[in-house]
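Shown next, in structure tokens, is the structure this report addresses.
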Protein chains: 2
Amino acid sequence: MPRAATTSDAFNAVAEPRRRQILSYLALRERPVGDIVETLSLDQPSVSKHLRVLRRVGLVRVRCEGRHKFYRTNAEAIRPLHEWAGTFERYWQHQLLSVKKRAEEKMTKLNSDFDPINPKEKP
Amino acid sequence: MPRAATTSDAFNAVAEPRRRQILSYLALRERPVGDIVETLSLDQPSVSKHLRVLRRVGLVRVRCEGRHKFYRTNAEAIRPLHEWAGTFERYWQHQLLSVKKRAEEKMTKLNSDFDPINPKEKP
DNA sequence: TTGACATATTCCCATATAAGTATGTATTGT
DNA sequence: ACAATACATACTTATATGGGAATATGTCAA
């Protein structure tokens, strides 16, 4: 089986760096496609294709006005990602404490074993 | 050009649902590969391959002990993801407010236009 | 209507999968 | 030494991709 489709969920959709750029750009305010093309220096068909993926997973919304289509980020669709990653917050906090503790132990060890005035390294 | 490699960054690595499962499982405490295989009902080679991907992007760490290899989630590596998604927090909060406001406007409109005692819908 | 403009779609292709199967490697117990 | 255990790797295959180029669709303006 190949990789899951980019359109299968937000996780797969935002795996592409260009799509993350587009989402950041469109979060500020709605923009026509041409603005994305210029600002991010991408080919127009490429942008259209990325936007289609983002549309399918609900990460962007469109508002049509004449021959322009204004896209904007639907930030709500990014929340599940944020929340999934957030479930690990307590673990990385814990890990930071562990690292700190180990560092302190190391310092203690250094302070007792190692004399900075008369170093024993490479004697 | 094909899709970026799953090993190119955390975003691509966690796009796979099984790898997210593995990360959640290994966040609680370190586990040997066999435990993952049993608990998540996956084939052993499949788990090994997922773990290789996760290792390459630093999402898991290994501790070897005899013929066992204990894997654990390196939650630190999930932080960038959390932080990227977090940059949209103010936008979805704003969007929630907008939705709320529009809903209230709608209610106001309904309350003035629409008489619940003598409805005009489908007369 | 005709042409210019904005955006979307189609086609082609090199490439990276993920699952399944089989095999390789290292370590332990007897 | 040998078998068993734990894990990793190699190989095959169907499939989805992203970029580029060309083309299609849709809308406005003169």
Side-chain angles (χ1 to χ4, degrees), chain A residues 1-23 25-26 29-73, chain B residues 1-23 25-26 29-73:
Chain A
M1 231 164 267
R3 220 194 298 199
T6 55
T7 52
S8 54
D9 55 37
F11 285 94
N12 281 279
V14 306
E16 180 66 19
R18 267 72 184 271
R19 285 197 283 266
R20 289 202 298 280
Q21 282 187 259
I22 292 175
L23 287 174
Y25 181 58
L26 295 178
R29 65 164 92 142
E30 65 174 15
R31 299 279 195 178
V33 179
D35 280 17
I36 309 173
V37 172
E38 269 198 32
T39 306
L40 304 186
S41 301
L42 299 172
D43 288 339
Q44 177 267 313
S46 183
V47 170
S48 276
K49 279 181 281 189
H50 283 314
L51 288 173
R52 180 164 63 169
V53 172
L54 294 172
R55 246 187 294 127
R56 296 223 178 161
V57 297
L59 280 164
V60 297
R61 303 273 186 228
V62 211
R63 183 175 65 86
C64 297
E65 190 179 316
R67 55 186 166 184
H68 293 266
K69 298 200 177 183
F70 293 91
Y71 282 86
R72 69 193 158 84
T73 296
Chain B
M1 232 162 268
R3 219 194 298 198
T6 56
T7 52
S8 55
D9 55 40
F11 285 93
N12 281 279
V14 306
E16 180 66 19
R18 268 70 185 271
R19 285 196 282 267
R20 289 202 297 279
Q21 281 187 259
I22 292 175
L23 286 175
Y25 182 58
L26 295 178
R29 66 164 91 140
E30 65 174 15
R31 300 278 195 179
V33 178
D35 280 17
I36 309 174
V37 171
E38 270 197 32
T39 304
L40 304 186
S41 301
L42 299 171
D43 290 336
Q44 176 266 314
S46 183
V47 170
S48 275
K49 278 180 282 190
H50 283 313
L51 288 173
R52 180 165 64 169
V53 172
L54 294 172
R55 246 188 293 128
R56 294 224 179 159
V57 297
L59 280 165
V60 297
R61 302 273 187 227
V62 211
R63 182 176 65 85
C64 297
E65 189 178 316
R67 55 185 166 185
H68 293 267
K69 297 200 177 183
F70 294 91
Y71 281 86
R72 68 193 158 84
T73 296

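In what follows, chains are A, B, ... by sequence order, proteins preceding strands, each numbered from 1. What you see below is based on every heavy atom in this structure, not just the backbone, and it leaves out hydrogens, waters and symmetry mates.
- Counting only heavy atoms from C-beta outward, the side chains of A:Arg18 and A:Leu40 never approach each other to under 4.5 Å.
- Here the C1' atom of nucleotide C:dT15 and the CG atom of B:Asn12 are 14 Å apart, to the nearest Å.
- Contact between A:Val57 and A:Ala13 at its shortest, heavy atoms only, is CG2-CB, 3.8 Å.
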N/O to N/O distances under 3.5 Å, protein versus nucleotides 12-20 of chain D:
residue: D:dT17; atom: OP1; partner: A:Thr6; partner atom: N; Å: 2.4
residue: D:dT17; atom: OP1; partner: A:Thr6; partner atom: OG1; Å: 2.7
residue: D:dG18; atom: OP1; partner: A:Arg19; partner atom: NH1; Å: 3.4
residue: D:dG18; atom: OP1; partner: A:Arg19; partner atom: NH2; Å: 2.9
residue: D:dG18; atom: O4'; partner: B:Met1; partner atom: O; Å: 2.5
residue: D:dG18; atom: N9; partner: B:Met1; partner atom: O; Å: 3.4
residue: D:dG18; atom: N2; partner: B:Met1; partner atom: N; Å: 3.0
residue: D:dG18; atom: N3; partner: B:Met1; partner atom: N; Å: 3.1
residue: D:dG18; atom: N3; partner: B:Met1; partner atom: O; Å: 2.7
residue: D:dG19; atom: OP1; partner: A:Arg18; partner atom: NH1; Å: 2.5
residue: D:dG19; atom: OP2; partner: A:Ser46; partner atom: OG; Å: 3.1
residue: D:dG19; atom: OP2; partner: A:His50; partner atom: NE2; Å: 3.2
residue: D:dG19; atom: N7; partner: A:Lys49; partner atom: NZ; Å: 3.4
residue: D:dG20; atom: OP2; partner: A:Asp43; partner atom: OD2; Å: 2.7
residue: D:dG20; atom: O6; partner: A:Lys49; partner atom: NZ; Å: 2.8

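- Scanning all heavy atoms of the two residues, the minimum distance from A:His68 to A:Pro32 falls at ND1-CB, 4.1 Å.
- Contact check, B:Tyr71 against D:dA6: no side-chain N or O comes under 4.0 Å of OP1 or OP2.
- If you measure from atom CZ of A:Arg67 to atom P of D:dC28, you get 7 Å, rounded to the nearest angstrom.
- Rounded to whole Å, atom C1' of C:dA19 lies 14 Å from atom CD1 of B:Ile22.
- Here A:Val47 pairs with A:Val33, A:Ile36, A:Val37, A:Leu42, A:Leu51 under the side-chain contact (heavy atoms from CB on, under 4.5 Å) rule; sequence neighbours left out.
- In this structure a side-chain-to-backbone donor-acceptor pair under 3.5 Å is missing from A:Arg19 to A:Val14.
- Annotation: side chain of A:Leu23 is in contact with side chain of A:Val60 (closest heavy-atom distance under 4.5 Å).
- Rounding to whole angstrom units, CG of residue A:Leu26 and P of C:dT7 are separated by 12 Å.
- Across all strands, B:Phe70 comes closer than 4.0 Å to no nucleic acid atom at all (heavy-atom distances).
- Side-chain atoms of A:Gln44 and base atoms of C:dA8 include a donor and an acceptor less than 3.5 Å apart.
- Straight-line distance from the CG atom of A:Leu51 to the P atom of C:dT9: 11 Å, rounded to whole Å.
- Of all heavy-atom pairs between B:Ala15 and A:Phe11, the closest is CB-O, 4.0 Å.
- Atom pair B:Lys69:NZ and D:dT5:C1' shows a separation of 14 Å (rounding to whole Å applied).
- Atom NE2 of A:His68 and atom C1' of C:dC5 are 8 Å apart (whole Å).
- Going from atom CZ of B:Arg52 over to atom C1' of C:dG24 covers 14 Å, rounded to whole Å.
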